[in-house]
A.B. asks: 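What follows is a structure written as structure tokens; I'll ask about it next.
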Number of protein chains: 2
Amino acid sequence: MPRQRKVEQRAAGTRDRILAAAAAMIGEDPSVNLSVRTVAARAGVSTGSLRHFFPTQRELRDAVLAVIYDHVVSEDGIHDRSVPARDRLVNCLRQVLAPAGVGEQAREAWGKLFETFIAPEPTDEVRAAYLAMDREGQRRVESWLAILTQEGALAAGENTRRARFLMTVLNGLATERALPAEKSILRSETETLYMAVDCVLNCRT
Amino acid sequence: MPRQRKVEQRAAGTRDRILAAAAAMIGEDPSVNLSVRTVAARAGVSTGSLRHFFPTQRELRDAVLAVIYDHVVSEDGIHDRSVPARDRLVNCLRQVLAPAGVGEQAREAWGKLFETFIAPEPTDEVRAAYLAMDREGQRRVESWLAILTQEGALAAGENTRRARFLMTVLNGLATERALPAEKSILRSETETLYMAVDCVLNCRT
DNA sequence: ACCTGAACACCGTTCAAGT
DNA sequence: ACCTGAACACCGTTCAAGT
């Protein structure tokens, strides 16, 4: 069932060149700033042409993220539509949380984070190192949201904000894993993850 | 003990006018973009003069944040029904967040928390001390939720879970205040607080 | 429909020049 | 030391004009 006519395929060609250029730039330097002009120049098209396919920078960025993580096709299970979207997203978020560890391991992990990024004078080098880490996590979460948006499980347009929100929840959970806890932390952690995910999936903003 | 000379007091005068102008702008519209030119114009100084006191936009934003959080420390206002429930709850949560501080202050606060509760062997004494703190915060948040439940702004029955969720978000935000941040933290912090509060107020669980 | 590039209204930072 | 405003090199978006 070929929905696209010939002209649209030609258009898809330059659309893809734009996405490929942007993806290549991120591949070379994950902290690169994707401006209209740099991406357009790299793709060999005009800024106006880029704007024709991606009316705002946000839409360009979201599309690039989706492309990158589609090609990486990891086993995170985000694509498995036999599972409800909320369960898939929660499982993915657990993968971000996993390196935080539990118990003594969690305290050691927090200790390293503290000694590396909080205790020392925040030089540009220290800042850049942390921000690269943070952006990587943010990108992962945004890529999952982009995929759920593509399936229609999520309204478009706020994924950066949503990802920031989820990252904050994960930071809170990671911190609480290092701090003393009342009773089984797993239960309240699961409840909190589902509350955050349901918020993102259901609430209008 | 007057450490400042006359000249420095004059300088502090225009420095304060800049901070006041920026704080006023945020007061009128919390999502406003504080650019060099708009803030300088509002304060009635040149961009060069602003740059003399705040060499980068980051330093300006940090200073403004500190001023705002100092002045917003007031009573909780949870009962003031002339304000929408979500705004009241966000303001109350900000009060829990306030002691986390900003900038260097935030890093020091985290340092103390780390040395007190994470670094040492978790004896029963250490655990109890932290859990008391944690429960106090949880109790405050739950009391606010109880009031909103009484007004009918919130469905009954899940307030402990909801409070735990909000505490986790606050822990995440406090952690992010100590870590290096990308841009103005105030805006994404506000967005995250409102997302969390809207989640609690609107979403069915 | 697709594509161009100029134009517009911003932005943060630098700096010679004044007081 | 404090202050000015122009200048520089960016940014995202809009749009008349071409094919």
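Below, read A as the first sequence line, B as the second, and so on, with proteins coming before strands; counting in each chain starts at 1. Nothing here was measured: the structure is a model prediction, and the numbers come from that model.
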A.B. asks: Measuring from atom CD of B:E189 to atom CG of B:L173, what distance do you get when rounded to the nearest 0.5 angstrom?
C.D. replies: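 B:E189 atom CD to B:L173 atom CG measures 5.0 Å (nearest 0.5 Å).
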
A.B. asks: So, is A:S49 near the phosphate of C:dT4, with a side-chain N or O under 4.0 Å from OP1 or OP2?
C.D. replies: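 Yes.
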
A.B. asks: Pair A:S49, A:S46 - check side chain to side chain donor-acceptor pair (under 3.5 Å), show working.
C.D. replies: CA-CA 5 Å; A:S49 186; A:S46 66; 4.7 Å; no

A.B. asks: To the nearest Å, how far apart are B:H52 NE2 and D:dG5 P?
C.D. replies: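 For the pair B:H52 NE2 and D:dG5 P, the rounded distance is 16 Å.
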
A.B. asks: Once you round it to whole Å, what is the distance between P of D:dC2 and CD1 of B:I18?
C.D. replies: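 Going from B:I18 (CD1) to D:dC2 (P), I get 12 Å.
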
A.B. asks: Write down the distance between CZ (A:R15) and P (C:dA1), rounded to a whole number of angstrom.
C.D. replies: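 Distance check: A:R15 CZ to C:dA1 P gives 17 Å.
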
A.B. asks: What pair of heavy atoms forms the shortest contact from B:A22 to B:L34, and how long is it?
C.D. replies: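 Scanning both residues completely, I find the closest heavy atoms to be O-CD2, 4.0 Å.
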
A.B. asks: Of the options B:N159, B:V141, B:D134, which is the one that meets B:R164 in a side chain to side chain contact (heavy atoms under 4.5 Å, CB included)?
C.D. replies: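 Answer after filtering B:N159, B:V141, B:D134: B:D134.
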
A.B. asks: With rounding to the nearest 0.5 Å, note down the distance linking CG in B:L154 to CG in B:L201.
C.D. replies: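 It is 6.0 Å, given to the nearest 0.5 Å.
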
A.B. asks: Between B:T160 and B:Q138, is a side chain to side chain contact (heavy atoms under 4.5 Å, CB included) present by the stated rule, with each step listed?
C.D. replies: CA-CA 8 Å; B:T160 298; B:Q138 175 100 7; 4.0 Å; yes

A.B. asks: Fill in the dot-bracket string of DNA chain D, one character per base: . for unpaired, | for a pair to another strand, ( ) or [ ] for pairs within the strand, taking Watson-Crick or G-U pairs under 3.5 Å.
C.D. replies: ||.|||||...|||||.||

A.B. asks: What does nucleotides 12-19 of chain C look like as a protein-contact string, B for base, S for sugar-phosphate only, - for none, at under 4.0 angstrom between heavy atoms?
C.D. replies: BBB-----

A.B. asks: Is there a side-chain contact between A:L113 and B:F114 in this structure, where contact means two heavy atoms from C-beta onward sitting under 4.5 Å apart?
C.D. replies: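 No, their side chains stay 4.5 Å or more apart.
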
A.B. asks: Determine the minimum heavy-atom distance between A:P55 and A:R51, stating which atoms define it.
C.D. replies: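 Minimum heavy-atom contact is O-CD, 3.2 Å.
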
